[in-house]
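One structure is given below, encoded as structure tokens.
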Amino acid sequence: MEQRHLGRTGLRVSRIGLGTLTWGRDTDEHDAADLLKTFWEAGGTLVDTADVYGDGEAEYLLGRLIEGLVPRRDLVISTKAGSVPDPDVRVDGSRGHLLSALDDSLARLGTDYVDVWHIHSWDPCTPLEETLQALDVAVSSGRARYAGVSNFCGWQLAKAGTWQLAAPGTRTRLAATQLEYSLLQRGVEREVLPAALDLGIGLLPSSPLGRGVLTGKYRKSTPADSRGASEHLAPFVAPYLDDTASHIVEAVTTAADGLAVTPLQVALAWVRDRPGVTAPIVGARNSQQLTAALSVEALSLPDEICRALDDVSAPVHRYPDHDWSTL
């Protein structure tokens, strides 16, 4: 699999990442082992997780598979901290919580360091400089090699990235940002992506297949074994089952038919090759689904197909999202 630099750093990662959102909850150890082995054998290196996935079980499961199945040195492990299972708080960006969470993640993963450590979400109740200091401590102590943020909007990413660059040598520049990005969700193009490109921060798109909707599986009905039929994941899929999404899915399907490939391959190739994107994070339920996603490696979409998909899924850009003279 082709490797790409993560943002403006020397770290190279596979241009498709493996997500572990469902590990330890819907994905058991046997299926997780199949997924990791399939990914590794295809040349994949970037594995993304978080301390809250499966209430910590995703990290624990990944840790059990490291060395026993795939050598630690062959993986680029990315994890996140800051989200908390408290409906009244939801996020804790305090330095104390973040560094304790990182130590807990390392213990579950059974490793001395993570390659990329993300702040999972913006905390409006904690000074940003305190949150970012945790990244600096993590990197300077060797517990993390690179730092990033997740779910920051445009001004938040720009502020965080600029703050880190303001004191070179003492603060760790942001290497990555992770947000949802697909043909069904192009909101990052308004302000997040321009900020990331300007600051040299690599984008790691989550849900690159529109929460599974862009595969075309929901065109006629909801499959019984799909996330859309799952009690706890159905609300996650539902926002992308409207008429607007249906119109885009039909365009993707038409493009796939014309290229003799699958809608999944078209949708994933589109987001993988967007400006500023380092590696979409793919969450698969089994090795068959993952193999189908990894088959996109050999596909590059023709320019005319990209333009057609751009047009049919174009987000609304109005003042002051971009240069006023282009609107």
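Side-chain atoms are counted along with the backbone in the values below, which use heavy atoms only and exclude waters and symmetry mates.
The shortest distance between side-chain heavy atoms of Val277 and Pro205 falls below 4.5 Å. Here the side chains of Trp270 and Pro208 are not in contact, with every heavy-atom distance at 4.5 Å or above. At a threshold of 4.5 Å between non-hydrogen side-chain atoms, the residues Arg145 and Val114 do not count as touching. The shortest side-chain heavy-atom distance between Thr215 and Pro263 does not fall under the 4.5 Å cut-off. Using a 4.5 Å cut-off on side-chain heavy atoms (C-beta onward), Ser78 and Leu46 make contact. Counting heavy atoms from C-beta on, the side chains of Trp23 and Leu18 come closer than 4.5 Å. No side-chain heavy atom of Val116 sits less than 4.5 Å from a side-chain heavy atom of Asp48. A 4.5 Å side-chain heavy-atom check between Asp136 and Gln164 finds at least one atom pair inside the cut-off.
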(Q) Set out, in order, the CA-CA distance, both residues' side-chain angles and the distance that settles side-chain contact (heavy atoms from CB on, under 4.5 Å) for Gln133 and Arg171, then state yes or no. (A) CA-CA 8 Å; Gln133 188 180 41; Arg171 297 176 189 164; over 6 Å; no
(Q) One pair to check against side-chain contact (heavy atoms from CB on, under 4.5 Å): Leu106 and Leu102. What are the steps and the verdict? (A) CA-CA 6 Å; Leu106 294 176; Leu102 176 57; 4.3 Å; yes
Q.
Run Asp74 and Trp40 through side-chain hydrogen bond (donor to acceptor under 3.5 Å, both in side chains) and show every step you take.
A. CA-CA 8 Å; Asp74 288 355; Trp40 174 61; 3.0 Å; yes
**Q.** Stepwise side-chain hydrogen bond (donor to acceptor under 3.5 Å, both in side chains) check, Thr22 with Arg285
**A.** CA-CA 8 Å; Thr22 62; Arg285 288 188 294 109; over 6 Å; no
Q.
Determine whether Leu11 and His5 satisfy the following criterion, side-chain contact (heavy atoms from CB on, under 4.5 Å), listing intermediate values before the conclusion.
A. CA-CA 5 Å; Leu11 179 63; His5 285 280; over 6 Å; no
Q.
Show, in sequence, the C-alpha distance, side-chain angles and deciding distance for Ser94 and Asp92, and conclude whether the side-chain hydrogen bond (donor to acceptor under 3.5 Å, both in side chains) test is met.
A. CA-CA 6 Å; Ser94 66; Asp92 186 346; 2.8 Å; yes
Q: Dump the intermediate steps for side-chain contact (heavy atoms from CB on, under 4.5 Å) on Leu179 and Val192, then the final yes or no.
A: CA-CA 9 Å; Leu179 296 97; Val192 173; 3.8 Å; yes
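A donor-acceptor pair is defined here as one N or O able to donate and one able to accept, closer than 3.5 Å; such a pair exists between the side chain of Arg4 and the backbone of Thr278. Using modelled atom types, no side-chain atom of Arg219 and backbone atom of Glu250 make a donor-acceptor pair closer than 3.5 Å. Distance alone, capped at 3.5 Å, is enough to place a donor-acceptor pair between the Ser141 side chain and the Ala138 backbone. In this structure, Thr131 contributes its side chain and Gly93 its backbone to a donor-acceptor pair below 3.5 Å. With Glu130 contributing its side chain and Arg95 its backbone, the two residues share a donor-acceptor pair below 3.5 Å. Using modelled atom types, no side-chain atom of Glu41 and backbone atom of Gly43 make a donor-acceptor pair closer than 3.5 Å. Checked by atom type and distance alone, the side chain of Ser246 never pairs as donor or acceptor with a backbone atom of Asp242 at under 3.5 Å. Using modelled atom types, no side-chain atom of Ser14 and backbone atom of Gly44 make a donor-acceptor pair closer than 3.5 Å.
For the residue pair Thr27 and Asp31, the shortest heavy atom distance occurs at CG2-CB, 3.8 Å. Pairing each heavy atom of Pro194 with each of Val188, the nearest pair is CD-O, 4.0 Å. Between Lys80 and Trp117, the shortest heavy-atom contact is C-NE1, 4.3 Å. Of all non-hydrogen atoms in Ala292 and Leu264, the two that sit nearest each other are O-CD2, 3.6 Å. Counting all heavy atoms, side chain and backbone alike, Lys159 lies closest to Leu128 at CG-CD2, 3.7 Å. Nearest heavy atoms, Ser121 versus Phe152: C-CE1, 3.6 Å.
In this structure, OG in Ser313 is found 8.0 Å from CG in Leu184, a value given to the nearest 0.5 Å. Atoms CG and CG, on Asp198 and Leu193 in that order, are 11.5 Å from each other to the nearest 0.5 Å. Residue Asn151 holds its CG atom at 11.5 Å from CG of Leu157, rounded to the nearest 0.5 Å. Going from atom OG of Ser150 over to atom NE2 of His120 covers 4.5 Å, rounded to the nearest 0.5 Å. The CG atom of Leu35 sits 10.0 Å away from atom OG1 of Thr20, with the distance rounded to the nearest 0.5 Å. For the atom pair CG (Leu98) and CD1 (Ile119), the distance works out to 4.5 Å, reported to the nearest 0.5 Å.
Annotation: cation-pi pair Arg25/Tyr53 absent, no NZ/CZ under 6.0 Å from the ring centroid and within 45° of its normal. Tyr113 carries Arg72 over the face of its six-membered ring, with the cationic atom under 6.0 Å from the centre and within 45° of the normal.
Enclosure of atom CG in Asp86 by more than 12 non-hydrogen atoms of other residues, nucleotides or ligands within 6.0 angstrom is indicated.
In terms of hydrophobic clustering, with Ile, Leu, Val, Met, Phe, Trp and Tyr side chains grouped at heavy-atom distances under 4.5 Å, Tyr181 and Val149 are assigned to a common cluster. Both Val282 and Leu62 are members of a single hydrophobic cluster when ILVMFWY side chains are connected at heavy-atom separations under 4.5 Å. Follow the hydrophobic side-chain contacts under 4.5 Å out from Val266 and you reach Leu294 in the same cluster. When the side chains of ILVMFWY residues are joined at heavy-atom separations under 4.5 Å, either directly or via intervening members, Leu204 and Val76 end up in a single hydrophobic cluster. Tyr240 and Leu21 sit in two unconnected hydrophobic clusters of ILVMFWY residues. Membership requires side-chain heavy atoms under 4.5 Å apart, directly or through other members.
Salt bridge annotation for Arg274-Asp310: present, with a cationic side-chain nitrogen under 4.0 angstrom from a carboxylate oxygen. At a threshold of 4.0 Å, the pair Asp104-Arg143 does not count as salt-bridged, since none of the basic side-chain nitrogens sits closer than that to a carboxylate oxygen.
The list of side chain to side chain donor-acceptor pair (under 3.5 Å) pairs with a residue in residues 295-306, not counting sequence neighbours, reads Arg15-Glu297, Gln265-Ser295. Judged as a salt bridge (charged side-chain N to carboxylate O under 4.0 Å, His left out), the pairs with a partner in residues 52-70 (not counting sequence neighbours) are, in order, Glu29-Arg64, Glu59-Arg108.
With respect to Ile248, the side chain to side chain contact (heavy atoms under 4.5 Å, CB included) criterion is satisfied by exactly one of Leu183, Thr253, Leu309: Leu183.
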